[in-house]
Amino acid sequence: MTKERVKKFVFFLFILLFFLGTLALYGVGIYNDSEQYITMHIHREPLYPLFLAFFRLFAGPETGLVLAAIIQNVLTACSIFWLIEYLTQKFSLPLAGELVLLALELAPHLVTRYVSALGIFLENSIMSEALCIPLFQLFLLFMLRMVFEKKWKDMVFSLVFAYLLSMTRGQMMTTIIIWLVVISFLLLSEKRYRKLIMPIAAVFCVFGIRSLTVHTYNYFANGYFMGNTYGPVNTLTNVIYACDEEDGDVFEEGSLEREFFDIFYRGADSIQASYRYASDAPEGEAAYLEGHHDMLKFDVLESNLSRYFFGLGKVDYYQQSRMSDVMAGRMLRKLLPACFGQWFYDYLLLCRNGFIRSIAVVNKWINWAALAIYLSAAAFSVMALGKDKKSGAARVMGLALLFIAANVCATSLTIMCLSRYMIYGFSIFYMALFLLVVELVRGKLRPGRHPDSM
């Protein structure tokens with residue numbers, strides 16, 4: 001075995017032992033959402049419940065969860081190792097640089113355990129994030145290969161992993177759109193306009209396949225050919241939060257929608273789950289909305305919708321969920337335009353917290369630092385592109401910022417940007433920032449050298 005292979009083996013072994021060590025120390029994490037994945041709940045995307053079901057069928061209910069957690073950690077270690085190795089080779093980094101990338105990859109796993117309110121190692125948990133993290137690392141790997149190598153196999157693999165991500169968490173449907181944006185940019189930059197039809201058609205096919213897969217899964221798992229439920233109810237929650245009493249006038253007097261609005265509005269007011277009770281400061285209002293979203297959704301909207309539709313008789317949980325979604329959708333179409341100003345202001349506040357949590361934690365002392373870091377990333381990218389329009393690090397940063405923006409803006413539409421929803425962009429952003437610094441320093445030391453030759 002060569003010295004280089006020994007180094008790679010030791011490097012991978014360290015990563016693997018880090019993750020398996022946390023599992024040995026802290027065990028498998030069972031949390032509020034875990035039961036929904038285990039029972040293949042209608043609210044949850046198919047891939048992670050099927051992943052758990054396979055191991056539970058293979059090794060039994062309890063041992064299966066332990067085995068699933070072990071595989072989650074192994075997949076996480078492998079995906080991190082492969083991504084670091086690719087970036088190390090692409091940018092010709094020394095061992096010290098490779099160790100910096102490793103530290104940046106491990107950082108979010110430590111942040112969610114020791115800094116964020118979650119206080120857990122995600123890769124040890126029975127939650128879809130545990131599978132989503134390695135899938136996202138592999139998506140990034142093939143996206144970067146697509147950007148740098150421009151090979152069709154990388155385009156196909158990156159789209160496949162985008163599809164798998166969307167089947168694990170709904171918010172990750174953004175990766176399919178990101179794939180389309182990036183490949184369209186590559187084709188347009190090369191003036192290959194006619195070939196745009198292929199990625200556009202591929203994306204339509206992937207969304208169609210995803211919808212068919214979800215419906216088919218729910219048919220076999222729950223007995224109904226339907227998609228995942230309660231997305232519209234999630235969205236309606238933040239709209240009700242932004243409403244004033246007179247906004248209910250958009251509904252016809254005596255209609256069922258008006259009746260629900262009055263119930264929701266009074267319920268929100270009774271628990272003070274409304275923007276009117278929030279602090280005037282943006283920080284306070286964002287925190288207030290985040291703190292009251294679940295209370296408003298579960299204790300007011302979901303409980304009253306369930307009570308009404310179950311009260312109709314001969315309605316099971318799945319029918320009730322679909323009816324609730326339909327009602328929420330009908331109310332959204334009329335109610336959102338009436339309170340759009342306040343809702344959009346709240347949406348921007350949620351996005352603000354999402355952008356911060358993508359690279360840091362929300363804290364009055366850290367928020368401005370996060371802004372400075374983003375501005376530094378933009379400045380370094382402009383400087384790198386000024387030296388070389390084909391800057392490799394600037395392309396990595398562009399992909400990182402594109403994902404962060406898409407993830408934040410999409411998540412804020414339906415719920416709040418918790419750390420575990422935002423954690424995916426953390427490592428790639430800071431790795432891109434590190435690579436930018438490396439490029440700029442090398443450019444000063446060896447002017448005229450092309451980044452792709454490093």
Side-chain angles (χ1 to χ4, degrees), residues 100-101 103-118 136 140 171 174 178 181 238 242 275 278-291 293 341-387 391-441:
V100 170
L101 294 185
L104 294 174
E105 279 282 18
L106 297 182
H109 300 274
L110 297 174
V111 166
T112 54
R113 176 65 177 86
Y114 296 110
V115 179
S116 75
L118 273 175
F136 181 68
L140 283 177
Q171 79 185 80
T174 54
I178 289 169
V181 170
N238 285 353
Y275 79 94
S279 165
D280 291 334
E283 295 85 354
E285 185 161 348
Y288 196 84
L289 172 53
E290 290 178 343
H293 173 94
Q342 181 60 47
W343 173 86
F344 188 65
Y345 176 69
D346 294 337
Y347 172 75
L348 292 178
L349 293 180
L350 293 178
C351 286
R352 166 189 169 275
N353 279 7
F355 278 108
I356 294 170
R357 288 195 181 108
S358 295
I359 64 168
V361 292
V362 174
N363 180 283
K364 64 180 180 179
W365 304 112
I366 298 176
N367 296 348
W368 288 105
L371 176 61
I373 294 170
Y374 274 120
L375 293 176
S376 298
F380 290 163
S381 297
V382 170
M383 290 168 62
L385 290 169
K387 290 180 177 294
S391 164
R395 282 183 272 178
V396 179
M397 179 57 77
L399 179 60
L401 291 176
L402 179 61
F403 170 75
I404 288 174
N407 189 37
V408 168
C409 294
T411 304
S412 298
L413 283 173
T414 56
I415 200 169
M416 59 279 197
C417 294
L418 299 178
S419 295
R420 65 187 174 106
Y421 304 152
M422 299 295 107
I423 201 65
Y424 305 98
F426 187 100
S427 292
I428 188 61
F429 174 84
Y430 282 108
M431 287 194 296
L433 189 58
F434 170 70
L435 294 173
L436 279 169
V437 173
V438 169
E439 258 195 18
L440 291 170
V441 170

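The figures here come from the full heavy-atom set of this structure, side chains too, leaving out hydrogens, waters and symmetry mates.
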- prompt: Is the CZ atom of Phe344 crowded by more than 12 outside heavy atoms at less than 6.0 Å?
  reply: no

field: Side-chain touch Met431/Phe426, heavy atoms, less than 4.5 angstrom
entry: no

task: Carefully, step by step, assess Phe355 and Met422 under the rule side chain to side chain contact (heavy atoms under 4.5 Å, CB included).
output: CA-CA 8 Å; Phe355 278 108; Met422 299 295 107; over 6 Å; no

field: Working for side chain to side chain contact (heavy atoms under 4.5 Å, CB included), residues Val111 and Ser419
entry: CA-CA 9 Å; Val111 166; Ser419 295; over 6 Å; no

Minimum heavy-atom distance between Met397 and Ala377, given as atom pair plus value: CE-CB, 3.6 Å

message: Quick check: do Val396 and Ile428 have side-chain heavy atoms less than 4.5 Å from each other?
response: yes

message: Using 0.5 Å steps for rounding, measure from the CD1 atom of Ile404 to the SG atom of Cys409.
response: 11.5 Å

statement: Closest heavy-atom pair, Ser412 versus Leu350, reported as atoms and distance to 0.1 Å, is OG-C, 3.6 Å

- prompt: Under 4.5 Å between any side-chain heavy atoms of Asp346 and Glu285, yes or no?
  reply: yes

- line: Value for OG1 (Thr174) from CG (Leu402), rounded to nearest 0.5 Å, stands at 9.0 Å

- request: Using a strict 4.0 Å threshold on nitrogen-to-oxygen distance, state whether Arg357 and Glu290 make a salt bridge.
  value: yes

message: Any non-hydrogen side-chain atom of Tyr275 less than 4.5 Å from a side-chain atom of Leu289?
response: no

- prompt: What's the spacing between Ser391 OG and Met383 CE if we round to 0.5 Å?
  reply: 11.0 Å

Pair Tyr430 and Phe434, ring centroids less than 6.0 Å apart: no

query: Going by heavy atoms in the side chains, are Asn353 and Asn367 under 4.5 Å from each other?
result: no

- prompt: With distance as the sole test, does Ser427 use its side chain to make a donor-acceptor pair with the main-chain N or O of Leu104 at under 3.5 Å?
  reply: yes

Gap between atom CG of Leu385 and atom CZ of Arg395 - 0.5 Å precision: 9.5 Å

- request: Start with the C-alpha distance between Ile356 and Val361, add both sets of side-chain angles, then the distance that settles side chain to side chain contact (heavy atoms under 4.5 Å, CB included), and finish with yes or no.
  value: CA-CA 6 Å; Ile356 294 170; Val361 292; over 6 Å; no

field: Gap separating the CG atom of Leu101 from the CG atom of Leu106, nearest 0.5 angstrom
entry: 11.0 Å

field: Worked check of side chain to side chain contact (heavy atoms under 4.5 Å, CB included) between Ile178 and Leu399
entry: CA-CA 8 Å; Ile178 289 169; Leu399 179 60; 4.1 Å; yes

- request: Quick one: closest heavy-atom pair of Tyr424 and Phe136, and the distance?
  value: O-CE2, 3.1 Å

- prompt: Would you say Tyr421 and Ile415 make side-chain contact, with heavy atoms under 4.5 Å?
  reply: yes

message: Looking at every non-hydrogen atom in both residues, tell me the closest pair between Asn407 and Thr411 and how far apart they are.
response: O-OG1, 2.7 Å

query: So, do Tyr374 and Phe429 have ring centers that fall under 6.0 Å from each other?
result: yes

task: Locate the shortest heavy-atom distance separating Glu439 from Ala393; write the atom from each residue and the value.
output: OE2-N, 2.9 Å

- prompt: For the residue pair Ser358 and Val408, what are the closest heavy atoms and their distance?
  reply: OG-CG2, 3.7 Å

